[in-house]
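We number each residue from 1, following the sequence as shown.
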Amino acid sequence: QVRLVESGGGLVQPGESLRLSCAASGNIFSIYSMGWYRQAPGKQRDLVAVITRDGSADYADSVKGRFTISRDNAKNTVYLQMNSLKPEDTGVYYCNLKRMRWEDYWGQGTQVTVSS
């Protein structure tokens, strides 16, 4: 059993920043990557950012230059620093953990709302 707990979501105005955290616990080992996905109302769940065990990162084109993903492997925790937030960034952000490069786990999600 793996548990992922997200925190840090909230309501902010355009141009402001938020930092999301995701802590993994339970029967976890051989973590390949941790990342963030988001789902806006009426849209599919899409990758926002992912970071692998060795520290390499990948981002959706829509957030490059504004978002930064980082991780603490010892704590099994991943962070998402979100700067210059836009209304189109609004959605539920889900934490993802991949074990053994093929086994996926998901958190419950945290709401991010960007509105003036």
Side-chain angles (χ1 to χ4, degrees):
Q1 182 175 221
V2 173
R3 177 175 292 180
L4 302 175
V5 180
E6 301 103 328
S7 62
L11 173 64
V12 297
Q13 295 185 328
E16 296 183 341
S17 299
L18 281 174
R19 189 190 191 203
L20 306 182
S21 299
C22 174
S25 62
N27 186 22
I28 55 176
F29 65 96
S30 299
I31 296 174
Y32 174 70
S33 67
M34 295 184 71
W36 294 93
Y37 292 69
R38 74 183 173 202
Q39 187 168 19
K43 296 185 179 295
Q44 66 182 8
R45 185 182 299 184
D46 291 324
L47 175 71
V48 176
V50 62
I51 187 165
T52 59
R53 186 74 178 185
D54 67 0
S56 62
D58 195 19
Y59 300 89
D61 288 342
S62 61
V63 307
K64 287 181 178 178
R66 299 188 297 119
F67 291 11
T68 302
I69 190 169
S70 60
R71 84 285 185 270
D72 185 333
N73 287 334
K75 295 181 178 180
N76 298 131
T77 299
V78 66
Y79 308 92
L80 185 67
Q81 179 67 44
M82 305 184 294
N83 297 328
S84 301
L85 282 162
K86 304 175 180 179
E88 50 263 45
D89 294 319
T90 294
V92 179
Y93 284 68
Y94 296 91
C95 182
N96 169 265
L97 182 152
K98 186 182 292 292
R99 285 173 53 189
M100 311 300 290
R101 302 179 186 236
W102 56 269
E103 186 176 318
D104 284 305
Y105 299 89
W106 296 91
Q108 294 294 318
T110 185
Q111 178 71 43
V112 172
T113 302
V114 185
S115 177
S116 59

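To the nearest 0.5 Å, the span separating CG on Asn96 from CG on Leu4 amounts to 7.5 Å. To the nearest 0.5 angstrom, Leu11 atom CG is 8.0 Å from Gln13 atom CD.
Leu18 and Ile51 end up in the same hydrophobic cluster when Ile, Leu, Val, Met, Phe, Trp and Tyr side chains are linked at under 4.5 Å. Linking Ile, Leu, Val, Met, Phe, Trp and Tyr whenever their side-chain heavy atoms come within less than 4.5 Å leaves Val50 and Val48 in two separate clusters.
A search for side chain to side chain contact (heavy atoms under 4.5 Å, CB included) contacts involving Arg66 returns Val63, Ser84, Lys86, Asp89, not counting sequence neighbours. Here Asp46 pairs with Gln44 under the side chain to side chain contact (heavy atoms under 4.5 Å, CB included) rule; sequence neighbours left out. Applying the side-chain hydrogen bond (donor to acceptor under 3.5 Å, both in side chains) test to Arg71 and every residue at least two apart in sequence or in another chain returns nothing. With sequence neighbours left out, the side-chain hydrogen bond (donor to acceptor under 3.5 Å, both in side chains) criterion links Ser17 to Asn83. In this structure Lys43 satisfies the salt bridge (charged side-chain N to carboxylate O under 4.0 Å, His left out) test with no other residue, sequence neighbours excluded.
Of all heavy-atom pairs spanning Ala40 and Thr90, the tightest one is CB-O, 3.7 Å. The shortest heavy-atom contact between Val78 and Met34 is CG1-CE, 3.8 Å.
Around the CD atom of Gln1, the shell of radius 6.0 Å holds no more than 12 heavy atoms that belong to other residues, nucleotides or ligands. Counted within 6.0 Å of CZ on Arg53, heavy atoms from surrounding residues, nucleotides or ligands total more than 12; the atom is thus considered enclosed.
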Checking Cys95 against Trp36 for the side chain to side chain contact (heavy atoms under 4.5 Å, CB included) test, could you report, in this order, the C-alpha distance in whole Å, the side-chain angles of both residues, the deciding distance, and whether it holds? CA-CA 5 Å; Cys95 182; Trp36 294 93; 4.2 Å; yes
Let me see the working for Met82 and Leu20 under side chain to side chain contact (heavy atoms under 4.5 Å, CB included), right down to the final yes or no. CA-CA 8 Å; Met82 305 184 294; Leu20 306 182; 3.7 Å; yes
Side chain to side chain contact (heavy atoms under 4.5 Å, CB included) for Ser62 and Arg38? Distances and angles first, verdict last. CA-CA 12 Å; Ser62 61; Arg38 74 183 173 202; 3.4 Å; yes
Expected list for residues 22-33: side-chain donor-acceptor pairs under 3.5 angstrom, two or more places apart:
none

Do any side-chain atoms of residues 109-116 form donor-acceptor pairs under 3.5 angstrom with protein atoms, and if so which ones, sequence neighbours left out?
from	atom 1	to	atom 2	distance (Å)
Thr110	OG1	Gly9	N	3.4
Gln111	NE2	Thr113	OG1	3.3

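For the disulfide bond (SG atoms under 2.5 Å apart) condition, no pair includes a residue of residues 61-92, sequence neighbours left out. Among residues at least two apart or in separate chains, there is no salt bridge (charged side-chain N to carboxylate O under 4.0 Å, His left out) pair with a member in residues 12-35. Within the structure, disulfide bond (SG atoms under 2.5 Å apart) contacts touching residues 40-83 (residues at least two apart or in different chains) do not occur. Contacts classified as ring pair (Phe, Tyr, Trp, His ring centres under 6.0 Å) and involving residues 41-95 (residues at least two apart or in different chains) are not found. A salt bridge (charged side-chain N to carboxylate O under 4.0 Å, His left out) check over residues 90-101, counting only residues at least two apart or in different chains, returns the pairs Lys98-Asp104, Arg99-Glu103.
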